[in-house]
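Structure record follows, encoded as structure tokens.
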Number of protein chains: 4
Amino acid sequence: MVDRQDSDRPRTRRLPRAVRERQILDAAVEVFATHGFHNASMDEIADVAGISKPMLYAYLGAKDELFVACIRREATRLIEAIGAAVEAGLSPAEQLWRGLQVFFEYVQHNQSGWAVLHRQANLQGEPFVSELSQWRERATRLIAALLAQATVDSAQPMRVEQTEPFAAALVGAGEALVEWWLHNPEHTADGMAMRLMNMVWMGFGDLVEGRSWSPGNAR
Amino acid sequence: MVDRQDSDRPRTRRLPRAVRERQILDAAVEVFATHGFHNASMDEIADVAGISKPMLYAYLGAKDELFVACIRREATRLIEAIGAAVEAGLSPAEQLWRGLQVFFEYVQHNQSGWAVLHRQANLQGEPFVSELSQWRERATRLIAALLAQATVDSAQPMRVEQTEPFAAALVGAGEALVEWWLHNPEHTADGMAMRLMNMVWMGFGDLVEGRSWSPGNAR
Amino acid sequence: MVDRQDSDRPRTRRLPRAVRERQILDAAVEVFATHGFHNASMDEIADVAGISKPMLYAYLGAKDELFVACIRREATRLIEAIGAAVEAGLSPAEQLWRGLQVFFEYVQHNQSGWAVLHRQANLQGEPFVSELSQWRERATRLIAALLAQATVDSAQPMRVEQTEPFAAALVGAGEALVEWWLHNPEHTADGMAMRLMNMVWMGFGDLVEGRSWSPGNAR
Amino acid sequence: MVDRQDSDRPRTRRLPRAVRERQILDAAVEVFATHGFHNASMDEIADVAGISKPMLYAYLGAKDELFVACIRREATRLIEAIGAAVEAGLSPAEQLWRGLQVFFEYVQHNQSGWAVLHRQANLQGEPFVSELSQWRERATRLIAALLAQATVDSAQPMRVEQTEPFAAALVGAGEALVEWWLHNPEHTADGMAMRLMNMVWMGFGDLVEGRSWSPGNAR
DNA sequence: CATGAATGAGCCTTCATTCAT
DNA sequence: CATGAATGAAGGCTCATTCAT
């Protein structure tokens, strides 16, 4: 039989709208991350948030909308965390390195948050996938600018249009690496960051200088 | 969020058991891939397969079992495709190269199949994850043997126990790269294979000879 | 998953119709008795009978009809068994006694048959209950005649119309006692028969001579 | 075999929990009694109760649980009705007599309730049968105490251990008589009670004084 | 503002029943 | 005559969503 959820979380009343919304989003992220989008029930979210279901709907709308709101908040948080770490005045390489560090650290401490939401969103198909794409593109543009900046003093400076695909690859690789990390959690955040940095920075150098491996020279 | 489809696919009748089973698996893979495990309805699978639901159950059992059957078939297909490509008599490097080529080609032509099933299976938790793990381990062991073989003539031959973690990383990287590829489909299968080959073969060399990158020497 | 019943019962072919029908009824009674009307599946009955489902339908019709056929056969068997035991020439009392003996013995050795079918039939509502009623009435008339015969030489001979309600009570008490016996199987068939005989015969005497117990004389 | 009914019963709304629960149990008892456990559909029960299926599940759980709840309620009601009638201060014989009266009256006015539930429960196997057994045992113990009390002033007072089997027989006989009564509804409740009282009280006397009937002395 | 009570709609699963061979 | 293959039609159960208080 259904165990009528008489959870004992205190139902604080009459909170300002912003606080309530945060409360709800916290609950939603936790529940979505734990059970996945489909298995998460609005009942449980409302319960964890300490409010009634009608309130849940009043504040953040239907399940889909709530999920999108979760994605948005987590994405924003991540981008802001990275932005805060990447101080102006550092060299592009160091900016990238700091950014990657923060990225992996953030993911590590927010598995309930971004990493899992990311996987969920990718799986639920439209419209969640497009929501994600927007954030990916935003990140890509930032990094492309960074890379272009790094070539400013070289013999052949690159424009943003040229660095963009490379930046996209970096972002994608980052996402993929996180996925892989989830299955291999024995590595440290810094280790992961270094791995990616290595790949990127050396690959970037190789790209500029035209080195590569090919089937012909098999050992 | 779901659009039910009244498909008028012709219902071919009285097929031999084996053919029907393939038909059903094809349909199931397609539907699971498109909507995800949870959003996929047995109704739609039956419809796409061109049969009635009772047949669906008679042939491949409940939803869980059907899904496992899908995973198994796709995994088997992939492994066999690779096995067929890796002819004996080739050098380890070339065997690996051929294997990677086929892997990425396979994924490219079976996005509905492998790639998405892989993501689905990883997310739906037990018992699907374990099912997948078995296949991953099988692949890992094969590759570990390959790598060990490659060092047979070197100064410090490695035993399978030593190459295994490296092989695991390769498999993981392969899976992760595919994930990334899905978001960046402009690359070719051979290009992807080369990328991974590069990483692996050079990394393998580095591993033996102890080279690496570190934050200190930022350019 | 469905375990496709490839039972290994030999499927004897080309049997004369009567034999086939007996085979089927045997199987049906067994299965109905074991699982109850609803939980019995035509699949299992066909399997136990060693024939295919279409044959099952060809020989004895739909599930309802098959069940009615079972009731009929078992009722017929019982009545015939009793008829065979009650030889002419015996005194009414002895005829009744023999009849009751056979009745309880029959039930004891045919629990799969009559007892359970009786309970099943009573539970499935119309049209099965009416089917049973017909047989009950037939038995009742036989016994009423017997009782009337028993009073032929007494001071006040009774006609069948007068003994009938009493006979009905006997039949009903018999059925009820069997029900009770199923829950108290430690008693013997003869013990049960004696219990009923006692009740009936003494009650019959009392009835004639007008003895009875009443609330007034509570000890 | 089932005739679905689109009943237009008015759906009273927003009832307090306790009232709804009674409503639902009433409906469930009626439907289970009419169609039997298996033929009863949750749809119909919800319909008769005047609520939607989800409420049905929210209030009383799955079909099994609902059925058990029905058994419990009916058993409780019966026992309480009897308890209320058997005032202290009466002689054992009179207590028994009152109890039997109430028992048969209760059954008569609750055919949908007790009698049929009893038959249903007995046939649906575990776990329903055990549920029933508990109530039977409870009734048995009460009666055994009563009988022991009745012999307190006699030459050979009996202890509860001795009267218990006799009480069990009484309870069983009562159940069996009800079964029989259902098929012979022309008798009154008092008539039935008297029949059983007769049997029991005289049998009880016989038991003490060792009288019995045997095949030898056929009239 | 806040909620307990209520429901429409859908999904998984299973059978009795029947073609087409 | 005999059957493997196939399905229409329900039934149990759950969940996102919304009144009515």
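Everything numeric in this text was worked out from a predicted model, so none of it was measured. In what follows, chains are A, B, ... by sequence order, proteins preceding strands, each numbered from 1.
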Out of F/dT18, E/dC19, E/dC11, minimum distance to the side chain of B/Ser41 belongs to E/dC11
C/Ser52 has its side chain closest, among F/dT7, E/dT3, F/dT3, to F/dT3
Out of F/dA16, E/dT14, E/dT18, minimum distance to the side chain of B/Tyr57 belongs to E/dT14
Applying side chain to side chain contact (heavy atoms under 4.5 Å, CB included) to D/Ala75 and not counting sequence neighbours gives D/Trp114, D/Trp135
Here DNA chain E, pairs taken as Watson-Crick or G-U under 3.5 Å and shown with ( ), [ ] when crossing and | when to another strand, reads .||||||||||||||||||||
Residue set satisfying salt bridge (Lys or Arg N to Asp or Glu O under 4.0 Å) with D/Glu21, at least two apart, ordered chain then number -> none
Applying ring-ring contact (aromatic ring centres under 6.0 Å, His included) to A/Tyr57 and not counting sequence neighbours gives none
Here the gap from C/Ile51 atom CD1 to C/Leu56 atom CG, rounded to the nearest 0.5 Å, amounts to 5.0 Å
Whole-Å distance, D/Ile24 CD1 to E/dA6 C1', equals 11 Å
Comparing B/Lys63 with B/Pro54, nearest DNA chain E nucleotide closer to 5' gives the residue B/Lys63
Separation of F/dC15 atom P from D/Leu56 atom CG, nearest Å, is 16 Å
**Message:** Whether D/Tyr59 contacts E/dA6 is assessed here as follows: a side-chain N or O lying under 4.0 Å from the phosphate OP1 or OP2. Is that the case?
**Reply:** yes
note: B/His35, atom NE2; E/dC11, atom P; distance rounded to Å ~ 11 Å
Here the distance between atom P of E/dC12 and atom NE2 of A/His38, to the nearest Å, is 10 Å
*D/His35 and D/Glu44: side-chain donor and acceptor closer than 3.5 Å?*
yes
note: D/Glu44, atom CD; F/dG12, atom C1'; distance rounded to Å ~ 15 Å
Atom CE of B/Met42 and atom C1' of E/dC11 are separated, to the nearest Å, by 10 Å
- Message: F/dA2, OP1 or OP2 - any side-chain N/O from C/Arg20 closer than 4.0 Å?
- Response: yes
Discussion item. For B/Arg72, I'd like to know if atom CZ has over 12 heavy atoms of other residues, nucleotides or ligands within 6.0 Å.
Written reply: no
Of the candidates F/dA2, E/dT3, E/dC11, the side chain of C/Met55 sits closest to F/dA2
B/Asp43 atom CG is separated from F/dA10 atom P, nearest whole Å, by 16 Å
Per nearest nucleotide of DNA chain E, the residue lying toward the 5' end, B/Ala40 or C/Asn39, is B/Ala40
Contacts of B/Asp64 meeting side chain to side chain donor-acceptor pair (under 3.5 Å) (sequence neighbours excluded), chain-then-number -> none
Sorted by chain and residue number, the side chain to side chain donor-acceptor pair (under 3.5 Å) partners of B/Arg77 (sequence neighbours excluded) come out as none
- Query: Counting any heavy atom closer than 4.0 Å, what does C/Ala62 reach on the DNA or RNA strands: base, sugar-phosphate only, or nothing?
  - Reply: sugar-phosphate
Rounded to whole Å, the CG-P distance (A/Asp64 to F/dC15) equals 17 Å
*Test for a donor-acceptor pair under 3.5 Å between the base of F/dT18 and the side chain of A/Lys53, counting only N and O atoms.*
no
